Structures are given as C-alpha cells and as structure tokens.
2 protein chains.
Amino acid sequence: MPRPRSLTRSGIAAAALAVVDRDGLAALTMRAVAKELGMAAMSLYRYVADRDELEVLVVDHVLTDLDLSVPPGPWRDRIAGLLERMRAATQAHREVVPLVVRHRHAAPASLRWIEATLAVLTEAGFTGRRRVVAQRTLVAYLLGALQNEHYGPLSGSGTAAMAELSISDFPVLAETAAQARALPPADEFRAGLAIVLDGLSAAASAR
Amino acid sequence: MPRPRSLTRSGIAAAALAVVDRDGLAALTMRAVAKELGMAAMSLYRYVADRDELEVLVVDHVLTDLDLSVPPGPWRDRIAGLLERMRAATQAHREVVPLVVRHRHAAPASLRWIEATLAVLTEAGFTGRRRVVAQRTLVAYLLGALQNEHYGPLSGSGTAAMAELSISDFPVLAETAAQARALPPADEFRAGLAIVLDGLSAAASAR
DNA sequence: ACCGTAGATGTACGATGTACGCCTACGAAG
DNA sequence: CTTCGTAGGCGTACATCGTACATCTACGGT
C-alpha cells in the first residue's frame, strides 16, 4: 500500500563511494551523498540509522565482490591470496582505508572473508587458541600494513622528511628512510606478509 | 618586551589528554581543551596551528616517557620489550589509539622509538631493504594489534556477536569466536608478536 | 475514485573548527 | 615612575556538520 522506495542500500553505498573516490574521505557527508543521488539529505535516514551505518555500508560495498575462492595448493599460498585480494580491494579505493579499519567487524562481507581465512587455517592444522591467534595476527598485519601504506607511504613526504633528519640524532633512521624510498608498496606488502607467514609456518609445525 | 605566555605546549597536551581520558576521544574539541585550561578557545591557536597539530601534541605526550633503553640480551627479546612498552604506553590511554595510528609519523617521541628499534634490528644483522621490511612489518603488527584490541576486543560485544552467528553460514567463525572470548589481551598480543618474531628470526638467519 | 501508509523533504538547532579584529598585560626604555 | 610597542588573550561570527521534527506527497490496494 505505501509508497515504494526509490533507493537501495547498495545504491546509496555506491554513491557514497563515488563521493569518497572523487573528493576524498573528508567530503563524505550526508548532504554530499544525498546530492549525488539527487535527493534531500534527510531522505537517507529512511535507509540508514546514522552516519556510522552509512560508513559500514561503504566498507561492505568495497569488500562485497571479494573473490573468496582459493585455488588448491599449500595453505601458505592460499592465505597469501586471501590477504592480497583484501589489499587489492581496499587499494582500489584508497581513501576508505580508515573506514575499513573502523568498521570491518560490522560489515558482512568482512565476516565472510574471515570465515574463509579461518577455514584455510583450520585445514592447515590450526585449532582452538592457536587458530584465534593466527587469525588475529594476520588481520593485525593486514590492517597495519594498509595503514602504513595510507598514512605513511614509503614513497611519500613522511619518509623524505625522515631521511632529512639530523644524522647525529637519528643515525639509523635517517639512513634507513633514504633506502626505504625505493621500495614499491606491493613489494613491501608481500615481503612483510612472507615474514608473518614464516612465523605461522613455525607455529603450525611446532604443534 | 611582549606579554609572556601563560601556557606551554606540553601543558596543553596534558589538558587535552585529560579530556580524552575522562570523556572519550569524541569529546576532544578545541573548546573542551580550552575550558580544561581555563582559557578561551581561540587562545589555543597561539600555541598550535590547528586541531591536527593538537592531536599530534597528544600523541607525542603519550609517548614521551617511553623507556627506550633495552637491557642486553638476544635481539628478539629487546625488540619484544620495545613493542611491549609502546603497547603499554598507549593502553594507559586507550582512547588515544586512533590518534597514535594517524599521527605517529609526526610525533618526535615516535621517531625516537623507531630509531631505537632500528638500532636493535641493525645489531641483529638487518640492513638495507631487509631492515626496512623488518621495521615496517613490526610497526604494522603493532598498530594492527592495537586496533584489534581497541575496535574489536576479543572480550567485547563484536566477538560475542560473531559467536552467535548461524553455524551453517559461518561454521568456523562462530566456533572460533566462542573460543576467542577467553583469551586475555596481553596474551593475545604476546602470542602474535612471537609469531612475527619467529618470522623475523627466519629472515635474519637466512641472510 | 479514494485513502491510508510510509517515503521524501524543508526547516531548524546545537556543536564544531577557525578567521578576524580588538583589547590588554607585560617588560624594556626613558 | 611613566610610557609604549609587542604579542598574548579573547569575543564574535560564519560555514558546515549530523540529525530531530513536522509536514507534504506519491503510490497501490480497495
């Protein structure tokens, strides 16, 4: 009987993502998203409870199309594939990194990804507390790496500034920062992930 | 000749931290900090350029008293000590975690900590690109773990909600979440750190 | 043709960061 | 002791934000 809805939550998420991709995260406001959809600001509240829920919608939208199928092979490679895909999805919309960090536990697509990684860990022999630790450690590395890349990319001005620091106050840091600038982000991510996976392999065989 | 200043930047940082500790991060506003100091809001702008700089001040204040001296011993233990201290410092002011993540590269105290960890890594035999990767991986784990603990503590409602998920949709996740609730945060941090350090040890001896 | 329901919206309020300009307290100079 | 230049302190004001509230309206079933 009532009037039909003219929007969908996923349409709203897509519009919000378009705003963020085009104008940056700071431009993500209720009014901006509404304008993107050609509606009044308050109309959005028929679809989301508040701004936080809008943000969750954006995160879920970014992660929705994640391919969770992992080709058969060593568990190490399968875990690496899942992490790489998560990184690729968020790197496609760099500005949402802070949102992913804050809302990952509320986005259904993120839960599906967690289930997939836990399944691989289980096959690899992780159970109980060791499985919990393995999962949380992988997520910690993933989120931390995304943030390193977002807030302080090795190719960015922060690293350049560190390279200019006084050699007497920061001898090792200044030298290391200079070396760091040449390391491509994808290489950095893979190398760090290899270290974590080496540690996990040790934990797997220790049991 | 001019009128002397009545505040110091570190006094402002302390007041801001007091606000955050008492009322939460969302309560950190220029007006609230000014009131805490018994001054007008605009007076703060004689000491900081903008709100972002205030946030950096808070981060630096939290990390200022970090003990960077590491007792002699295996490099593994020394790195672990530095990470544990960084965690302890931020856990003493939990609400500040998001600020530490965003501004760590701008806070001098954070740079000193990085220098200290790099020095230990250097002694352990890491140089060049491998040292960069080792450092960034440690920081990624550290920041990710802090955020896991802050936004989604294993003892919190997020984990409880995951434990209630449908067994048919999320068989492994639901089971794992139930097991996870009993893992104390400090144990979680240490266990994850051990995994990363195992990986680093492998990288160190591989060279 | 009508009508009840829920969607869409216009207005408005409190809160926030901060630009701008004025007032004033202080230490140095006389 | 008086004077004065300088920079600290602050009152006001504005744009922008999230969103509460009340009203209007478009639609599908009768």
Side-chain angles (χ1 to χ4, degrees), chain A residues 1-61 95-96 98-99 102-103 106-107 151, chain B residues 1-61 95-96 98-99 102-103 106-107 151:
Chain A
M1 302 173 181
R3 186 174 177 175
R5 320 197 83 162
S6 56
L7 299 177
T8 63
R9 283 166 65 93
S10 101
I12 291 175
L17 188 55
V19 169
V20 171
D21 283 344
R22 174 165 22 90
D23 302 323
L25 184 54
L28 180 64
T29 68
M30 302 302 281
R31 287 178 231 264
V33 174
K35 175 180 283 188
E36 183 80 15
L37 291 160
M39 314 237 352
M42 289 310 294
S43 304
L44 296 179
Y45 288 90
R46 292 280 164 188
Y47 300 86
V48 297
D50 53 24
R51 190 215 152 101
D52 252 39
E53 203 172 301
L54 207 217
E55 293 183 355
V56 174
L57 235 48
V58 172
V59 172
D60 198 55
H61 194 257
E95 288 284 319
V96 309
L99 298 186
R102 196 154 45 247
H103 298 297
Y151 288 117
Chain B
M1 301 175 181
R3 184 175 179 175
R5 321 199 80 161
S6 56
L7 299 177
T8 63
R9 284 167 64 94
S10 100
I12 291 175
L17 188 54
V19 169
V20 171
D21 284 344
R22 174 164 24 90
D23 303 322
L25 184 53
L28 180 65
T29 68
M30 302 302 280
R31 287 179 232 265
V33 174
K35 175 180 284 188
E36 183 80 14
L37 291 161
M39 313 234 358
M42 290 310 295
S43 305
L44 296 180
Y45 287 90
R46 293 282 170 188
Y47 299 86
V48 296
D50 52 23
R51 189 213 154 101
D52 252 39
E53 203 172 301
L54 209 218
E55 293 183 355
V56 174
L57 236 48
V58 172
V59 171
D60 198 56
H61 194 257
E95 286 285 319
V96 96
L99 298 186
R102 196 156 43 247
H103 298 297
Y151 289 116

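These figures come from a predicted structure and were not determined experimentally. All chains are named by letter (A, B, ...) in the order of the sequence lines, taking the proteins before the strands, and each is independently numbered beginning at 1.
- The residue from L99(A), V96(A), L17(A) that alone fulfils the side chain to side chain contact (heavy atoms under 4.5 Å, CB included) condition with V59(A) is L99(A).
- Between the side chain of E95(A) and the backbone N or O of L25(A) there is at least one donor-acceptor pair closer than 3.5 Å.
- Distance K35(B) NZ to dG11(D) P: 13 Å, rounded to the nearest Å.
- Per the geometry, CG belonging to L54(A) stands 14 Å off P belonging to dC17(D), to the nearest Å.
- Contact check for V48(B) versus M30(B): side-chain heavy atoms found under the 4.5 Å cut-off.
- A straight line from CD of E55(A) to P of dG18(D) spans 9 Å, rounded to a whole angstrom.
- The stretch residues 31-46 of chain B participates, sequence neighbours left out, in these side-chain hydrogen bond (donor to acceptor under 3.5 Å, both in side chains) pairs: R22(B)-E36(B).
- Annotation: side-chain hydrogen bond (donor to acceptor under 3.5 Å, both in side chains) contacts of H61(B) (sequence neighbours excluded): none.
- For residues 9-20 of chain B, the side-chain hydrogen bond (donor to acceptor under 3.5 Å, both in side chains) pairs, not counting sequence neighbours, are R9(B)-E53(B).
- Legend: residues meeting side chain to side chain contact (heavy atoms under 4.5 Å, CB included) with A32(B), ordered by chain and number and at least two apart, are V19(B), T29(B).
- Judged by distance alone, the side chain of Y47(B) and the main-chain N or O of L7(B) form a donor-acceptor pair under 3.5 Å.
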For nucleotides 28-30 of chain C, print each protein N/O atom paired with a nucleotide N/O atom at under 3.5 Å, atom names and distance only.
none

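- In this structure, R51(A) atom CZ and dT16(C) atom C1' are separated by 14 Å, rounded to whole Å.
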- Sugar-phosphate means primed atoms, P, OP1 and OP2; the rest is base. With that split, encode nucleotides 6-11 of chain C 5' to 3' as B, S or - using protein heavy atoms under 4.0 Å. SBBBBB
